[in-house]
Number of protein chains: 2
Amino acid sequence: MKKIAEPTVRRLSLYLRFLEDFEKAGRSTISSGELARSGGTTSAQVRKDLSFFGSFGKRGIGYSTHDLTAHIREILGLDRVWHVVIVGAGRIGSAMAGYYGLRERGFHVVAIFDADPRRVGQALDDLTIADVRHLEADVRRLHAHIAVLAVPSDQAQGVAARLAKAGVRAILDFSTAPLTLPEHVTVRRMNVPLELEALSHALAAR
Amino acid sequence: MKKIAEPTVRRLSLYLRFLEDFEKAGRSTISSGELARSGGTTSAQVRKDLSFFGSFGKRGIGYSTHDLTAHIREILGLDRVWHVVIVGAGRIGSAMAGYYGLRERGFHVVAIFDADPRRVGQALDDLTIADVRHLEADVRRLHAHIAVLAVPSDQAQGVAARLAKAGVRAILDFSTAPLTLPEHVTVRRMNVPLELEALSHALAAR
DNA sequence: CGGTGCTTGTGAAATCGTTCACAATCTAGA
DNA sequence: TCTAGATTGTGAACGATTTCACAAGCACCG
């Protein structure tokens with residue numbers, strides 16, 4: 001499988017949403033132009049992005065919504081269930097645990113951890129908050145693939161290293177600390193202050 | 001002021017964090033190489049980024065942490081206070097309201113809104129949840145600059161349009177809906193499912 | 001005061017990503 | 001079967017961003 005550019009992956013994820021809407025609306029084909037309009041891009045961009053699948057659009061017609069949906073789901077690895085653990089049962093961790101959209105897309109939260117003894121044992125949605133001391137054992141037992149890191153920034157590196165050692169190869173990091181991890185661990189950051197600062201810059205720049 | 005490339009702005013934001021640490025640690029100068037190591041980039045990249053300030057590093061020595069911090073803060077518009085409103089007092093909205101890393105950096109949450117009558121009037125940290133029906137009036141009265149949009153995706157467009165009309169020119173959007181807004185409104189997205197899908201892709205690609 | 005060791009600033013080259021432009025292909029309709 | 005209209009697939013041009021490479025500047029030391 002050819003390597004797909006990072007920005008393309010992000011757009012595929014967007015296209016997928018619109019495709020699902022189109023499919024629900026009973027449309028059996030969709031053109032690059034329509035996808036472009038939904039996703040705020042251009043039809044040429046859409047076609048380039050989709051050219052990773054080889055060519056299976058129909059000239060004069062467009063793409064089969066059903067087939068395209070299936071292809072994108074496969075490329076994104078959404079044709080299977082991923083086990084997700086959340087570390088940190090504070091506000092962000094709890095919010096993630098209750099994020100309904102995730103389960104729908106195959107991201108099953110199988111455990112949530114916290115270091116605070118007062119929180120350990122409490123129920124959160126259909127989970128019980130586990131003690132972070134058992135992190136490694138639980139991660140292995142539950143075959144967790146992805147971790148959501150929602151701990152204070154000063155603990156992020158330590159917890160991330162433990163997760164990596166326990167076999168987690170993908171981390172969604174809500175902390176603002178830079179993480180040093182083995183090559184094979186993919187990290188994506190949700191850095192709220194950073195995004196606000198980008199907005200601040202945009203506002204200030206005039 | 002020259003226009004600064006988007007990726008550069010993001011990195012400046014990162015540099016700023018390390019600079020603050022270095023300054024606290026009593027370091028009066030820092031080299032591009034040190035900043036690069038902290039920020040996971042290269043020294044050439046750092047110097048290119050900083051070249052937007054003209055040249056005020058000292059060859060053989062590096063940059064004055066104090067001056068560089070001040071410059072970056074100014075570029076990012078962090079030398080002032082921004083008024084932030086949060087729309088949606090669900091889990092994500094509440095998490096943002098309680099995120100005190102924000103106040104530290106000059107982002108003052110001045111109001112939080114919700115549409116649910118059961119939530120309106122409740123206390124949340126030092127705020128009282130306001131009725132989203134008063135959104136426009138409150139945004140104007142409080143001189144809100146930035147909005148955090150944490151409402152269900154199907155309501156995002158409607159609320160965003162109201163915010164824009166009330167004068168908000170920067171939105172941090174946690175929904176997954178595509179927003180159509182006037183040119184002069186800057187939007188940054190925090191799309192959790194999208195980031196998880198990028199991780200899923202990375203895991204699946206082998 | 002000249003040499004050595006660092007480190008900046010910056011053109012130029014390389015890489016990466018987007019947009020353009022058009023031939024090729026398909027459907028529908030006459 | 002032929003034509004008109006729509007849309008894909010893709011090489012090539014373009015634009016943006018990163019990396020390279022090195023001259024120039026500064027501090028320290030003998």
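Chain A is the first sequence line, chain B the second, and so forth, proteins listed ahead of strands; every chain is numbered from 1. Note: hydrogens, waters and symmetry copies are ignored here, and every other heavy atom, side chains too, is used.
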Which part of the nucleic acid, if any, lies within contact of Phe52(B), taking any heavy atom under 4.0 Å across all strands shown: a base, the sugar-phosphate backbone alone, or nothing?
nothing

Between Glu195(B) and Arg10(A) (salt bridge meaning N to carboxylate O under 4.0 Å), is one present in this structure?
yes

Picking from dC20(D), dT7(C), dG17(C), the nucleotide nearest the side-chain atoms of Ala44(B) would be dC20(D)

Would you mind classifying the nucleic acid contact of Phe56(A) as base, sugar-phosphate or nothing, using non-hydrogen atoms under 4.0 angstrom?
sugar-phosphate

How are the rings of Trp82(A) and His145(A) set to each other: parallel, tilted or perpendicular (split at 30° and 60°)?
perpendicular

Heavy-atom closest contact (Ala89(A) atom, Ile129(A) atom, distance)
CB-CD1, 3.7 Å

Starting at atom CZ of Arg47(B), determine the distance to atom P of dA24(D), rounded to an integer number of angstrom.
16 Å

OP1 or OP2 of dA23(C) under 4.0 Å from side-chain N/O of Arg59(A):
no

With side-chain hydrogen bond (donor to acceptor under 3.5 Å, both in side chains) as the test, pick out the partner of Glu197(A) among Arg188(B), Arg105(B), Arg73(B).
Arg105(B)

Establish, with yes or no, whether the OP1 or OP2 oxygen of dT19(C) is under 4.0 angstrom from a side-chain nitrogen or oxygen of Thr42(A).
yes

Is the phosphate of dG9(C) approached by Tyr63(B) (side-chain N or O, under 4.0 Å from OP1 or OP2)?
yes

Do the side chains of Asp125(A) and Arg91(B) get close enough for a salt bridge, i.e. N-O under 4.0 angstrom?
yes

What is the distance, to the nearest angstrom, from the CG atom on Asp67(B) to the P atom on dT8(C)?
15 Å

Atom CD1 of Ile61(B) and atom P of dA27(D) are separated, to the nearest Å, by 6 Å

Phosphate oxygens OP1/OP2 of dT18(D): is one of them under 4.0 Å from a side-chain N or O of Arg11(B)?
yes

Could you give the OH-to-P distance, from Tyr15(B) to dT8(C), as a whole number of Å?
12 Å

Under 4.0 Å: is that the gap between some side-chain N or O of Ser51(A) and OP1 or OP2 of dG9(D)?
no

Write down the distance between CG (Leu68(B)) and C1' (dT8(C)), rounded to a whole number of angstrom.
13 Å

May I have the distance from Leu35(A) (atom CG) to dG9(D) (atom P), rounded to whole angstrom?
12 Å

Give Ser43(A) one of three labels, base, sugar-phosphate or nothing, depending on what nucleic acid heavy atoms sit under 4.0 Å from its own.
nothing

Could you state the CD-P distance from Gln45(A) to dT10(D), rounded to the nearest angstrom?
16 Å

Closest listed nucleotide, where the reference is the side chain of Pro7(B) and the choices are dT8(C), dT27(C), dT18(D)
dT18(D)

Nucleotide dA6(D), atom P - distance to CD1 of Ile30(A) in whole Å:
18 Å

With distance as the sole criterion, do the side chain of Lys48(A) and the base of dG11(D) form a donor-acceptor contact below 3.5 Å?
yes

When the nearest nucleotide of DNA chain C is assigned to Asp49(A) and to Gly62(B) on a heavy-atom basis, which residue is associated with the more 5' position?
Gly62(B)

